[in-house]
*Asks:* 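Can you read through this structure? Questions will come right after.
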Amino acid sequence: MKISADIVQPLLDWYDQNKRDLPWRGSGDAYRIWVSEIMLQQTRAGAVKEYYRRFLDALPNVGALASADETELLKLWEGLGYYNRVRNMQKAAQVVTEEYEGSLPGEYELLLKLPGIGEYTAGAIVSIAFDKPCPAVDGNVLRILARLMADDSDIGDMTTRKAYREALCRVIPGDRPGDFNQALMDLGAMVCLPAGAPRCEECPWTKFCRARRRGQTDRYPCKKPKAARRIEHKTVLLIRDHRHTVIRKRPGRGLLAGMYEYPTLDGWLKRKEILSFVGELGLSPLKVSAAGEAVHIFTHKEWHMKGYLVRIEDTLESREMKNGGLLPPGYELILPEEIDDKYPLPSAFKAFRSQLG
């Protein structure tokens, strides 16, 4: 595959006039660029901005990330989803602290050895922070190039990704590699859109784009359809007395590992089963009422949830009671508003928050 070097200067000229104002730009700090790139995976730039500022305020450098408490770390990431991203970031930060004196290495191959850093992120870091001519190829870039070339190769195939990366290696400018990669990112976000018609009249590649010339921009990119997501039924219990509510910490491995949740059980339970479960916690249920339904979509599965508000006897007068063994290990008794400040709660459960007042 060959990409013409003629596309480079028009793209850079367009970028100079139209680039997005993003808080992580204008900095050559590899740590900040790394944080932004990990956050931007699976997440829109507009949604990332406030998370990025908050994260950097709390954890301003590699050392701070390496030593952060897990609950604090997950709380800072709450709402971004794909929580393994931040766990891998912390693992990588610990390696960088031990092996590279707290500074991210500037070599592509060394970055690839760090947990959670793949080809795209490594390319972004070395090109933007270290000014080295290395492409950063993600889904946005693949979409743009597939339309540019009118290429019907499957962009989900690693062979296609490799071919485009090699083609970009031959044209990426040595004097502005970071700007080139960011220009591709902006072109995909602002002009060559993933949903809806691309804004071809605003594109710097109008005269180069084969898909536009053929009137087939809606045909590209080509990708095999994803397998249908598995549907799982869940029962979410909002257990509370007159002041407190019960939460529990999820296991340290697997989906939403280490996060907190309202007790969530497999299947759609009947009221008798709910009462039995609450009784096994050592609590005395008084009333069970429906608390709404919600659907949360993960990458490979969907949770179809039914919520129930379970009122219990007012025996939970103080939080210290839990230390006397009132609740099983992993369960905590908290004030509902504490979730806002301390406990990382996945967005899957946000639909039920209002039921707790």
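We number each residue from 1, following the sequence as shown.
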*Asks:* Within the structure provided, determine whether Trp77 and Met39 are in side-chain contact (heavy-atom separation under 4.5 Å).
*Replies:* yes
*Asks:* Scan residues 261-275 for pairs that pass side chain to side chain donor-acceptor pair (under 3.5 Å), counting only residues two or more places apart or in two chains.
*Replies:* Lys234-Asp266, Arg248-Glu261, Arg250-Glu261
*Asks:* Do other residues, nucleotides or ligands put more than 12 heavy atoms under 6.0 Å from Lys301 NZ?
*Replies:* yes
*Asks:* Please walk me through it: do Val191 and Asn18 pass side chain to side chain contact (heavy atoms under 4.5 Å, CB included)?
*Replies:* CA-CA 11 Å; Val191 176; Asn18 298 282; over 6 Å; no
*Asks:* Check whether any side-chain heavy atom of Glu119 lies under 4.5 Å from a side-chain heavy atom of Leu112, and answer yes or no.
*Replies:* yes
*Asks:* Given the rule that I, L, V, M, F, W and Y join up when any side-chain heavy atoms are under 4.5 Å apart, are Trp14 and Leu22 in one cluster?
*Replies:* no
*Asks:* If the condition is side-chain contact (heavy atoms from CB on, under 4.5 Å), which residues does Ala66 pass it with, not counting sequence neighbours?
*Replies:* Ala93, Gln94, Thr97
*Asks:* Quick one: do Val295 and Val236 end up in the same hydrophobic cluster if we chain Ile, Leu, Val, Met, Phe, Trp and Tyr together by side-chain heavy atoms under 4.5 Å apart?
*Replies:* no
*Asks:* Please report the interatomic distance CD1(Ile274) to CG(Leu265), rounded to the nearest 0.5 Å.
*Replies:* 8.0 Å
*Asks:* Backbone N or O of Lys2 within a donor-acceptor pair of the Arg170 side chain at under 3.5 Å?
*Replies:* no
*Asks:* Show me the donor-acceptor pairs within less than 3.5 Å that the side chains of residues 200-207 make with the rest of the protein, sequence neighbours left out.
*Replies:*
| unit_1 | atom_1 | unit_2 | atom_2 | d |
| --- | --- | --- | --- | --- |
| Trp205 | NE1 | Ile7 | O | 3.0 |
| Thr206 | OG1 | Cys200 | O | 3.2 |
| Thr206 | OG1 | Cys203 | O | 2.8 |

*Asks:* What's the shortest heavy-atom distance between Pro10 and Phe208, and which atoms?
*Replies:* CG-CE1, 4.0 Å
*Asks:* When rounded to the nearest 0.5 angstrom, what is the spacing between CG in Leu327 and CG in Leu283?
*Replies:* 5.5 Å
*Asks:* List the residues meeting side-chain hydrogen bond (donor to acceptor under 3.5 Å, both in side chains) with Asp13, not counting sequence neighbours, and say none if there are none.
*Replies:* Gln9
*Asks:* Indicate yes or no: does Asp186 engage Lys19 in a salt bridge with an N to O separation below 4.0 Å.
*Replies:* no
*Asks:* Which heavy-atom pair separates Gly188 from Asn140 by the least distance, and what is that distance?
*Replies:* O-OD1, 4.3 Å
*Asks:* Could you give me the CA-CA distance, side-chain angles and deciding distance for Leu281 and Ile239, then say whether side chain to side chain contact (heavy atoms under 4.5 Å, CB included) is met?
*Replies:* CA-CA 11 Å; Leu281 295 180; Ile239 305 169; 4.0 Å; yes
*Asks:* Are any non-hydrogen side-chain atoms of Tyr100 and Val62 less than 4.5 angstrom apart?
*Replies:* no
*Asks:* Take Glu70 and Lys249 through the test salt bridge (Lys or Arg N to Asp or Glu O under 4.0 Å) and record every step on the way to the result.
*Replies:* CA-CA 12 Å; Glu70 181 189 48; Lys249 190 171 186 179; 3.5 Å; yes
*Asks:* Does a sphere of radius 6.0 Å around NE2 in His233 hold more than 12 heavy atoms from other residues, nucleotides or ligands, not counting ones at 6.0 Å or beyond?
*Replies:* yes
*Asks:* Trp303: which residues meet the ring-ring contact (aromatic ring centres under 6.0 Å, His included) condition with it, sequence neighbours left out?
*Replies:* Phe298
*Asks:* Do any pairs count as a side chain to side chain donor-acceptor pair (under 3.5 Å) and have a residue in residues 102-116, sequence neighbours left out, and if so which ones?
*Replies:* Glu107-Lys132, Tyr108-Arg165
*Asks:* Evaluate Glu313 against Asp241 for side chain to side chain contact (heavy atoms under 4.5 Å, CB included), listing each step before the verdict.
*Replies:* CA-CA 6 Å; Glu313 288 184 359; Asp241 66 355; over 6 Å; no
*Asks:* Mind checking salt bridge (Lys or Arg N to Asp or Glu O under 4.0 Å) for Glu78 and listing every partner two or more places apart, or none if nothing turns up?
*Replies:* Lys75, Lys350
*Asks:* Which heavy atom in Thr235 sits nearest to a heavy atom in Leu269, and how many Å separate them?
*Replies:* OG1-N, 2.9 Å
*Asks:* Can you tell me which residue pairs pass the side chain to side chain donor-acceptor pair (under 3.5 Å) test with a partner in residues 28-54, sequence neighbours excluded?
*Replies:* Glu37-Tyr120, Gln41-Thr121, Glu50-Arg53
*Asks:* Please report the C-alpha distance between Asp152 and Arg219 in whole Å, then the side-chain angles of each, then the deciding distance to 0.1 Å, and finally whether the side chain to side chain contact (heavy atoms under 4.5 Å, CB included) criterion is met.
*Replies:* CA-CA 8 Å; Asp152 58 6; Arg219 178 178 171 181; 4.0 Å; yes
*Asks:* Hey, quick one: are Met89 and Trp24 part of the same hydrophobic cluster, counting side-chain heavy atoms closer than 4.5 Å, chains of contacts allowed?
*Replies:* yes
*Asks:* Side chains of Val246 and Val310: closer than 4.5 Å at any heavy-atom pair?
*Replies:* no
*Asks:* Hydrophobic cluster mates of Leu193, side-chain heavy atoms under 4.5 angstrom, ILVMFWY only, any path?
*Replies:* none
*Asks:* How would you list, by chain and number, every residue that makes a side-chain contact (heavy atoms from CB on, under 4.5 Å) with Ala150, sequence neighbours excluded?
*Replies:* Arg210, Arg214, Tyr220
*Asks:* When you measure from the side chain of Thr245 to the backbone N and O of Arg240, does any donor-acceptor pair fall under 3.5 Å?
*Replies:* no
*Asks:* Please say whether more than 12 non-hydrogen atoms of neighbouring residues, nucleotides or ligands are located less than 6.0 Å from CG in Asp21.
*Replies:* no
*Asks:* If only atom types and distance count, is the side chain of Arg85 paired as donor or acceptor with the main-chain N or O of Tyr82 below 3.5 Å?
*Replies:* yes
*Asks:* Which atoms form the tightest heavy-atom contact between Cys192 and Arg147, and what is the distance?
*Replies:* SG-NH1, 3.2 Å
*Asks:* Under 4.5 Å between any side-chain heavy atoms of Leu237 and Val288, yes or no?
*Replies:* no
*Asks:* Can you tell me how far apart CD1 (Ile144) and SG (Cys209) are? Round to the nearest 0.5 Å.
*Replies:* 10.5 Å
*Asks:* Restricting to salt bridge (Lys or Arg N to Asp or Glu O under 4.0 Å), what partner residues turn up for Arg199, sequence neighbours left out?
*Replies:* none
*Asks:* Is there side-chain contact between Phe55 and Val48, with heavy atoms separated by less than 4.5 Å?
*Replies:* no
*Asks:* Quick one: are Leu168 and Val141 in side-chain contact, heavy atoms under 4.5 Å?
*Replies:* yes
*Asks:* Minimum heavy-atom separation for Val171 to Val8, with atom names?
*Replies:* O-CG2, 3.4 Å
*Asks:* How far apart are the closest heavy atoms of Phe277 and Pro263, and which atoms are they?
*Replies:* CE2-CB, 4.2 Å
*Asks:* Please table the atom pairs, donor to acceptor, closer than 3.5 Å between any side-chain atom in residues 178-185 and protein atoms at least two apart or in another chain.
*Replies:*
| unit_1 | atom_1 | unit_2 | atom_2 | d |
| --- | --- | --- | --- | --- |
| Asp179 | OD2 | Arg176 | NE | 2.9 |
| Asp179 | OD2 | Arg176 | NH2 | 2.9 |
| Asn181 | OD1 | Ala136 | N | 3.4 |
| Asn181 | ND2 | Ser127 | OG | 2.9 |
| Asn181 | ND2 | Cys134 | O | 2.9 |
| Gln182 | OE1 | Arg25 | NE | 3.0 |
| Gln182 | NE2 | Gly178 | O | 3.3 |

*Asks:* Supply the atom-to-atom distance Ile155 CD1 to Leu145 CG, rounded to the nearest 0.5 angstrom.
*Replies:* 10.0 Å
*Asks:* When you measure from the side chain of Glu302 to the backbone of Ile231, do you find a donor-acceptor pair of N or O atoms at a distance under 3.5 Å?
*Replies:* no
*Asks:* For the atom pair CZ (Arg353) and CG (Leu238), what is the distance rounded to the nearest 0.5 Å?
*Replies:* 11.0 Å
*Asks:* Is it true that Tyr164 and Leu187 fall in one hydrophobic cluster, defined by side-chain heavy atoms closer than 4.5 Å?
*Replies:* yes
*Asks:* Atom CG of Leu11 and atom CG of Asp6: how far apart are they, to the nearest 0.5 Å?
*Replies:* 13.0 Å
*Asks:* What I'd like to find out is whether the side chain of Ile334 reaches to under 4.5 Å of the side chain of Tyr343, using heavy atoms alone.
*Replies:* yes
